[in-house]
There are 2 protein chains.
Amino acid sequence: MKTTRQHGRRKVTLKDVAAQVGVSHTTVSNAYIRPGQLSAALREKIFAAAQEMGYTGPDPAAKQLATGHSGALGFLFSEDLPYAFSDPAVLTVLNGVAKSCNELETDLALISAGSSLRNMNTPVSLGNAAVDGYILYSVAPDSRCVMMAQQRNVPLVVVDQPRLDGVPYVGIDDRDAAYKAAKTLLELGHRSFGILSLKTAHDDYFGILTAKRRANIAHSTIAMRLEGYLTALQEAGIAPETVPAWEIPINSEEAGAEGARFLINRPERPTAILAMSDRVAIGAMKTIRAAGLSIPQDVSIFGFDDIPAAATADLSTIRQPHEQKGTEAVRLLVQQDGRQNVILKTELVKRGSIGQPPKAEPSRG
Amino acid sequence: MKTTRQHGRRKVTLKDVAAQVGVSHTTVSNAYIRPGQLSAALREKIFAAAQEMGYTGPDPAAKQLATGHSGALGFLFSEDLPYAFSDPAVLTVLNGVAKSCNELETDLALISAGSSLRNMNTPVSLGNAAVDGYILYSVAPDSRCVMMAQQRNVPLVVVDQPRLDGVPYVGIDDRDAAYKAAKTLLELGHRSFGILSLKTAHDDYFGILTAKRRANIAHSTIAMRLEGYLTALQEAGIAPETVPAWEIPINSEEAGAEGARFLINRPERPTAILAMSDRVAIGAMKTIRAAGLSIPQDVSIFGFDDIPAAATADLSTIRQPHEQKGTEAVRLLVQQDGRQNVILKTELVKRGSIGQPPKAEPSRG
DNA sequence: TTGTATGCGTTATCAG
DNA sequence: CTGATAACGCATACAA
């Protein structure tokens, strides 16, 4: 994918237009940047010439090199690019970002940090795009791109993860939200729980969330949610270490379905499942029903996010203001004065997926 | 959102690193670009110094100015930025684009041409992003950005719309697909049709798709679909001008619901509705059911796209390979040799939304 | 109101 | 393997 002067003729520049019109190249530049500095007539003349010569305005790269900014912002995330378009929650955040970008007339560059994680030995760049600032969206705290972004001396905002000193933050109170979800289930009478956790560290582990892993959770949102769940359970006299948990490497229904298989096949089948995302929960619901169990008669389940599909699935969940996360992130990036943090409110949404635990002890058969 | 030297210290450049290590700046540049040209030891030394000084690699803008390419491609569309994240079909195309970008390790800049349509008097730039090529996704043919993109002398690919001389094209046979949809309904015995059309021109018109508007359709995909529908009907002896059609300004369920209201309130209520998108069709289904009518007993309906929601809604439709559109577009953009066109295959998907027309003439009451 | 000179950070060319 | 030198296309004091 080469560029410039490949269609044959050389690229038309400011200077060419200037020569054609018979003015200096500064004047042409002014015509674009400072309309007021020119007579309207000259301006029109310049634009006409530009039009005819096929000059499409200042070259973005050159402009940025000279001015120091590009009029675009980067949205950076850990997963690979396609993932962003498959996760409804991410999409909604992006939607918010897009709305703000639209108002600001800035472009939006999507940058996957995944690629810069592959070759660890070579100092790779943080995406190729020239941007004026980055929104770090739920990137792994130990990811190299965090460091690189910080060094880059451009405005930063992080959404969800990780919390960085001196960098504005947009997120929710994950601990509180999780706590309330667990509390709701406890109040319905549940005493036997299972947890479906999202990934806790930057490896490809999946399986039982062991005590060791529980103690070393790199992703703060996950740590907070787990803490919220377990605190509520502990307050009800349920020892955290007795609560089975399954760690899921990627936020998908399939992975949730698999995790649920683990939980419902335990000797003492949980009557309530706490899932850290709706996609995982919805996958789990399929497993549960495929096993011949009813929701919520046999097992209750609670999600997280409130993606559109949650309503369809009649899944109780925690509603996150995803879109607002996006708009707030852009706002903070643009203002960049207060560098304060924004903690958005969540809302507990009760739907048909939760109910009282079964009367007869379902000691499995 | 200023940039550079704002965190206090000046931006560290190639030259600074070179001075620190005691080599020329060319050598440092080579360390990044041409690893083979240096002794491994020197390379390490340079990287170590860079690391310590906080040099994050070549500045993207400067690099692009020098090399002529940026490692990013632009995805350009007519609607505003947020729309892209709300339309499932667009999203799937983007997903395909993202997959290819991910493999190529190029960034993806989302550019809304909408903003450049506002101020028509000033020559605005085609987005601020510096990109190596554009994918024009279903932009209005008369949009200025089409011209600007062409002048820009960078590789172009258009998806769906418009067809441009010398520019590779990715799309489907809209006419054929629409023809088959109508044919399917005809074979079920329907004789009374209604059409829900997407917007035909670059205005904000909504309402009856008049004869005059039918004759002046700017959007080729829409023209082809309409032609496909009407050709099938005409072959069955139904005069095109007798078929009521409603034009919808924006592809949404709400707009579809409104259009359906027009159709089912006609003196002779259609027994079959042909909708140019699934979203529109799904909105229409709501209206139909809200009016106390059954699908397909009272009215059959056919969509277009096969977005995920179509399956849920049990809507018959034309499946478009949206994701493949994206991957093909990138492929064409990168190769840029054959500059051939790619017409992807569609598939007619029959679901529960279509059936035989009611026996008794429902002459409305 | 318009033009001149200089710098932006990098890559490429072509010597040594 | 290394280092001067010249682009790259534009913006911006500053001077005219």
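Chain letters run A, B, ... following the sequence lines, proteins first, then strands; residues in each count from 1. Reckoned from all heavy atoms, side chains included, excluding hydrogens, waters and symmetry mates.
Whole-Å rounding puts the K45(B) NZ to dC1(D) P distance at 16 Å. Per the geometry, CG belonging to L42(B) stands 10 Å off P belonging to dC1(D), to the nearest Å. Straight-line distance from the CG atom of D16(A) to the P atom of dG9(D): 9 Å, rounded to whole Å. With rounding to whole Å, L65(A) atom CG is found 13 Å from dT12(D) atom C1'.
Using a 4.0 Å heavy-atom distance criterion, G36(B) is classed as a sugar-phosphate-only contact.
Residues L104(A) and V330(A) have side chains in contact (heavy-atom distance under 4.5 Å, counting atoms from C-beta outward). Here the side chains of D107(A) and L110(B) are not in contact, with every heavy-atom distance at 4.5 Å or above. Residues V170(A) and N341(A) are not in side-chain contact: their nearest non-hydrogen atoms beyond the backbone lie 4.5 Å or more apart. Put simply, the side chain of F85(A) does not reach to within 4.5 Å of the side chain of V97(B), judged on heavy atoms.
Taking side-chain N and O atoms only, T27(A) has no distance below 4.0 Å to OP1 or OP2 of dT2(C).
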Base versus backbone protein contacts along nucleotides 10-16 of chain C [heavy-atom cut-off under 4.0 Å; B, S, -]: BBB----
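Side-chain contact of E323(B) with T92(B): a donor-acceptor pair under 3.5 Å is absent, judged by distance alone.
Taking every heavy atom of both residues into account, V12(A) and Y55(A) meet most closely at O-CD1, 3.3 Å.
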